[in-house]
There are 2 protein chains.
Amino acid sequence: MRDERFCASNCPFTRAIGTIGNKWKPIIINVIGTRTVRFGQLDSIIPLISRKVLTEQLKELEEDGLLERLAYKELPPRVEYKLSEKGLAFLPILESIKEWNCKYEVALTPKETDRITYAQ
Amino acid sequence: MRDERFCASNCPFTRAIGTIGNKWKPIIINVIGTRTVRFGQLDSIIPLISRKVLTEQLKELEEDGLLERLAYKELPPRVEYKLSEKGLAFLPILESIKEWNCKYEVALTPKETDRITYAQ
DNA sequence: ATTTGTAGTTACCTCGCAGTAACCAGAATA
DNA sequence: TATTCTGGTTACTGCGAGGTAACTACAAAT
């Protein structure tokens, strides 16, 4: 999922793309935003992602220091995710991507059915 | 390569991730920058990418209006790629990703060998 | 006559991403 | 007693992304 050849590059930009350059991570970071979110919430807010892949993505994001995982020793288990300082600093970039897209996107005619929104 | 479920979303952010949210497109956009670059140049500047995938990515970027393809009717053929207004407007976002990464990345110890740089 | 150079395209094959389903702990509730 | 609730993990599986190699056109150079 994470491309090790990218992460091993000596180019900062290439390394950055190696860590956040896939489709799920920007979505997950955007969904968490400034909140504290539980695993089950993420799983239900992002319907297209499977539990397994969500787990993997969250683990990588934690390893890369973008988010913090708070596991409470309860039963049934409770785990909360929130963005770290690094993750929060990435939010403005996602905002500029939104603005960029709204400004330049060619008009589409999405079906009224199967609408999916991850924005808050 | 492009995730159609993402592109069909009614959420602008999700659609944006659907078009530029993979590892190669940000790299290609960054390499082209403000220049006009030939196909062969891209192929040699980005060694890890295969010709086939490079062709596919360039075609999608053109379809999404991020770059312009100028094919000269010569033999041997000559094709030049340059960013459109939309593509150029994306460059500042890539710059902020670079800054973000340099500021927050955890220190790595990349091998002195196999160094790869796409930055200009 | 043969090689070179460019920008692809095509067929073929493989590896691995990702989906699905089953399973887990153990307290609380019915 | 059995079910529920949560946040995973594991095994199995299939599809498709992506790599490789061969091939194209045609002019110019050797």
Side-chain angles (χ1 to χ4, degrees), chain A residues 1-7 14 17-28 31-32 35-64 67-82 114 116, chain B residues 1-7 14 17-28 31-32 35-64 67-82 114 116:
Chain A
M1 177 57 86
R2 222 171 356 185
D3 192 312
E4 296 306 330
R5 298 170 307 176
F6 276 50
C7 295
T14 303
I17 297 302
T19 58
I20 49 86
N22 73 27
K23 63 185 179 190
W24 287 123
K25 285 173 184 170
I27 297 289
I28 292 171
V31 165
I32 298 179
R35 298 179 291 174
T36 293
V37 187
R38 295 181 59 173
F39 180 84
Q41 287 182 281
L42 291 173
D43 191 36
S44 59
I45 295 175
I46 314 177
L48 291 178
I49 202 171
S50 73
R51 243 169 152 52
K52 186 183 123 190
V53 173
L54 178 57
T55 304
E56 290 168 357
Q57 299 294 307
L58 288 170
K59 192 174 293 179
E60 289 183 3
L61 285 171
E62 191 195 356
E63 286 172 1
D64 291 331
L67 57 78
E68 292 160 15
R69 182 178 182 276
L70 310 165
Y72 297 85
K73 295 201 177 302
E74 303 173 353
L75 273 163
R78 182 161 60 102
V79 179
E80 293 181 343
Y81 293 92
K82 58 183 285 223
D114 64 36
I116 298 165
Chain B
M1 178 59 81
R2 220 171 355 187
D3 192 311
E4 296 306 329
R5 298 170 307 175
F6 276 49
C7 295
T14 303
I17 296 303
T19 58
I20 48 87
N22 74 26
K23 64 184 179 190
W24 287 123
K25 286 174 184 169
I27 297 287
I28 293 171
V31 165
I32 298 180
R35 297 179 292 174
T36 293
V37 187
R38 295 181 60 173
F39 180 83
Q41 287 181 281
L42 290 172
D43 191 35
S44 59
I45 294 174
I46 314 177
L48 291 178
I49 202 171
S50 73
R51 242 167 154 55
K52 185 183 130 191
V53 173
L54 178 57
T55 304
E56 290 168 357
Q57 299 293 306
L58 288 169
K59 193 174 293 179
E60 289 182 5
L61 285 171
E62 191 194 357
E63 286 171 2
D64 291 330
L67 57 79
E68 291 159 17
R69 181 178 183 277
L70 311 165
Y72 297 85
K73 295 201 178 304
E74 302 172 355
L75 272 164
R78 181 161 60 103
V79 180
E80 292 181 343
Y81 293 92
K82 57 184 285 224
D114 63 39
I116 299 164

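Not measured: the values here are computed from a predicted model. Numbers restart at 1 for each chain; the letters A, B, ... are given by sequence-line order, proteins then strands.
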Item to check | Distance in angstrom units between B/Asp3 CG and D/dG16 P, rounded | outcome: 13 Å
Checklist entry - In whole angstroms, how far is the P atom of D/dG18 from the NZ atom of B/Lys59? => result 15 Å
Checklist outcome for this item: Smallest heavy-atom separation, B/Asp3 atom then A/Lys23 atom, equals OD2-NZ, 2.6 Å
Next on the checklist: Applying a 4.0 Å non-hydrogen cut-off, can you work out what A/Arg69 is touching in the nucleic acid: base, sugar-phosphate, or nothing?
Outcome noted: sugar-phosphate
Next on the checklist: Of the listed nucleotides (D/dG8, C/dT9, D/dT6), which one gets closest to any side-chain atom of A/Phe39?
Outcome noted: D/dG8
Next on the checklist: Is the ring pair B/Phe6/A/Trp24 parallel, tilted or perpendicular, if the boundaries are 30 and 60 degrees?
Outcome noted: perpendicular
Item to check | Protein-nucleotide distance (A/Asp43, atom CG; D/dT9, atom C1'), rounded to Å | outcome: 14 Å
Checklist entry - Contact class for B/Lys73 (heavy atom, under 4.0 Å): base, sugar-phosphate, or nothing? => result nothing
Item to check | Contact list for DNA chain D against residues 75-82 of chain B - heavy-atom distance below 4.0 Å | outcome: B/Leu75
Checklist entry - Which heavy atom of B/Ile17 sits nearest a heavy atom of A/Pro26, and at what distance? => result CD1-CB, 3.6 Å
Checklist entry - Tell me: CG of A/Leu58 to P of D/dT9, nearest whole Å? => result 10 Å
Checklist outcome for this item: Note: A/Arg2 and A/Cys7 closest approach over all heavy atoms is CG-SG, 3.9 Å
Considering only nitrogen or oxygen atoms on both sides, find all protein atoms under 3.5 Å from nucleotides 17-20 of chain C and state each distance.
{"unit_1": "C/dA18", "atom_1": "N7", "unit_2": "A/Lys52", "atom_2": "NZ", "d": "2.9"}
{"unit_1": "C/dG19", "atom_1": "OP2", "unit_2": "A/Ser50", "atom_2": "OG", "d": "2.8"}
{"unit_1": "C/dG19", "atom_1": "N7", "unit_2": "A/Lys52", "atom_2": "NZ", "d": "3.4"}
{"unit_1": "C/dG19", "atom_1": "O6", "unit_2": "A/Lys52", "atom_2": "NZ", "d": "2.6"}

Item to check | Interatomic distance, B/Glu62 atom CD to B/Lys59 atom NZ [nearest 0.5 angstrom] | outcome: 9.0 Å
Item to check | Length of the CG-P vector between B/Leu70 and C/dG8, whole Å | outcome: 11 Å
Next on the checklist: Can you measure B/Ile45 atom CD1 to C/dA7 atom C1' for me and round it to whole angstrom units?
Outcome noted: 16 Å
Could you tabulate the donor-acceptor pairs under 3.5 Å formed by side-chain atoms of residues 40-54 of chain A, not counting sequence neighbours?
{"unit_1": "A/Gln41", "atom_1": "OE1", "unit_2": "A/Arg38", "atom_2": "N", "d": "2.9"}
{"unit_1": "A/Asp43", "atom_1": "OD2", "unit_2": "A/Arg51", "atom_2": "NH1", "d": "2.7"}
{"unit_1": "A/Ser44", "atom_1": "OG", "unit_2": "A/Gly40", "atom_2": "O", "d": "3.2"}
{"unit_1": "A/Ser44", "atom_1": "OG", "unit_2": "A/Gln41", "atom_2": "O", "d": "3.0"}
{"unit_1": "A/Ser50", "atom_1": "OG", "unit_2": "A/Val53", "atom_2": "N", "d": "3.3"}

Checklist entry - Is there a donor-acceptor pair under 3.5 Å between the side chain of A/Lys25 and the backbone N or O of A/Leu61? => result no
Item to check | Which atom of B/Arg35 lies closest to which atom of B/Lys82, heavy atoms considered | outcome: O-CB, 3.8 Å
Checklist outcome for this item: A/Leu54 atom CG is separated from D/dT9 atom C1', nearest whole Å, by 14 Å
Checklist outcome for this item: So CG of A/Leu70 and OH of A/Tyr81: to nearest 0.5 Å the spacing works out to 9.5 Å
Checklist entry - What's the CZ-C1' distance between B/Arg2 and D/dA17, to the nearest Å? => result 15 Å
